[in-house]
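To start, the structure under review is shown below, and the notes come after it.
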Protein chains: 2
Amino acid sequence: MKIAELEQRLREQGLKLTRPRQAVLEVLSRSGSRLSPAEIHRQGRRSYRRLGLVTVYRTLALLEEMGLVQRVHTETGCHSFAGVRSPEGHHHQLICKDCGRVEEFSDCASEQLLAKLQKETGFAVEDHRLEVIGCCPKCQ
Amino acid sequence: MKIAELEQRLREQGLKLTRPRQAVLEVLSRSGSRLSPAEIHRQGRRSYRRLGLVTVYRTLALLEEMGLVQRVHTETGCHSFAGVRSPEGHHHQLICKDCGRVEEFSDCASEQLLAKLQKETGFAVEDHRLEVIGCCPKCQ
DNA sequence: TCGTTATTGAAAACGATTTTCAGTTAATTA
DNA sequence: TAATTAACTGAAAATCGTTTTCAATAACGA
């Protein structure tokens with residue numbers, strides 16, 4: 001997902017495109033891995049030295065709400081984020097347990113499963129999240 | 001999963017069956033919902049008034065390691081736990097977004113998907129987590 | 001019952017996240 | 001371009017959940 005496109009989306013919401021936000025967007029769009037807020041802060045300060053950690057948190061919350069960033073849930077917690085590649089539609093994550101690299105995929109072939117679950121349990125199924133954990137080619 | 005069975009498992013590990021642990025186990029085995037540590041503490045104090053929050057954390061960590069309790073990852077965070085019904089083998093969760101009720105299911109029909117992902121991305125797939133969010137019959 | 005050892009709870013420490021607030025900046029208007 | 005204004009920002013403080021420390025306690029075997 002390109003910076004220009006992200007900027008466009010901010011404007012559509014009537015939000016300002018500030019230097020701190022650009023810095024966060026840049027880190028997220030450049031990195032293909034999950035990053036903690038602290039790590040995003042550290043990297044973001046390379047392009048905008050005055051960037052505050054507070055603003056990183058605020059920007060992440062904003063981007064998450066806009067669907068441009070996704071939380072990554074690992075065994076130890078869910079305190080990392082990854083930039084979304086294709087903001088439209090349904091997708092899931094394939095995460096490298098060593099380097100944190102995140103790949104997206106959309107075909108989760110779960111239609112049948114969800115229909116079956118719905119039928120058997122009486123739940124009205126609304127959403128689902130699938131995370132696959134593995135080791136990426138470079139880390140193997 | 002019954003209290004008696006949980007107690008049995010503790011003994012097998014050479015662990016003591018203390019009143020605080022009994023209280024936590026009781027809460028978890030009685031409730032079919034995801035509960036935060038604070039909520040487990042509150043409920044646990046009904047059967048053992050002196051139960052400390054610290055012990056709840058410690059017991060949860062212990063039970064999680066033993067595979068008797070599972071973390072539930074929600075959009076807002078991953079700070080809730082649910083007792084596991086069938087401790088052996090692979091299973092996933094169906095969670096009610098309103099009351100937090102948790103159902104387990106094991107047939108996630110993902111073999112083909114994982115094989116395909118592995119082939120396409122070169123990742124060595126090791127694990128996966130599937131959470132389905134919906135609305136349970138009572139809450140509908 | 002006694003002794004050993006794991007376990008406990010309270011308080012303090014800790015780390016991550018959020019709030020507050022006065023100052024700054026991006027976007028708009030003239 | 002300069003003035004205006006509301007959104008945005010960073011630093012400090014507050015807050016919240018979780019972990020550590022440590023002296024006291026309780027479970028279990030002898």
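Labels below follow one simple rule: chain letters A, B, ... track the order of the sequence lines, proteins then strands, and each chain is numbered from 1.
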CD/B:E64 to CZ/B:R71 distance, rounded to the nearest 0.5 angstrom? 4.5 Å
If you count the non-hydrogen atoms of other residues, nucleotides and ligands that lie under 6.0 Å from CD in B:E65, is the total more than 12? no
Is there a continuous path of hydrophobic side-chain contacts, each under 4.5 Å between heavy atoms, that joins B:L62 to B:V69? yes
Annotated protein contacts, base or backbone, on nucleotides 22-30 of chain D with a non-hydrogen cut-off under 4.0 Å, one of B, S, - each: ----SBS--
Taking the ring centre of each residue, are A:H128 and A:H90 less than 6.0 Å apart? yes
Charged N-O contact under 4.0 Å between A:R34 and A:E103: no
Could you state the atom-to-atom distance from CZ of A:R21 to P of C:dT25 in whole Å? 15 Å
Separation of atom CD in B:Q22 from atom C1' in C:dA6, rounded to whole Å: 16 Å
Could you give the distance from OG (B:S36) to NE2 (B:H79), rounded to the nearest 0.5 Å? 10.5 Å
So, are B:K97 and A:D127 salt-bridged, with charged N and O less than 4.0 Å apart? no
Produce a footprint string for nucleotides 12-19 of chain D: one letter per nucleotide, 5' end first; B if the base is under 4.0 Å from any protein heavy atom, S if only the sugar-phosphate is, - if neither. B----SSB
Is it true that B:R9 and B:E88 make a salt bridge, defined as a side-chain N closer than 4.0 Å to a carboxylate O? yes
Please state how far atom CG in A:L51 lies from atom P in D:dC8, giving the value in whole angstrom units. 15 Å
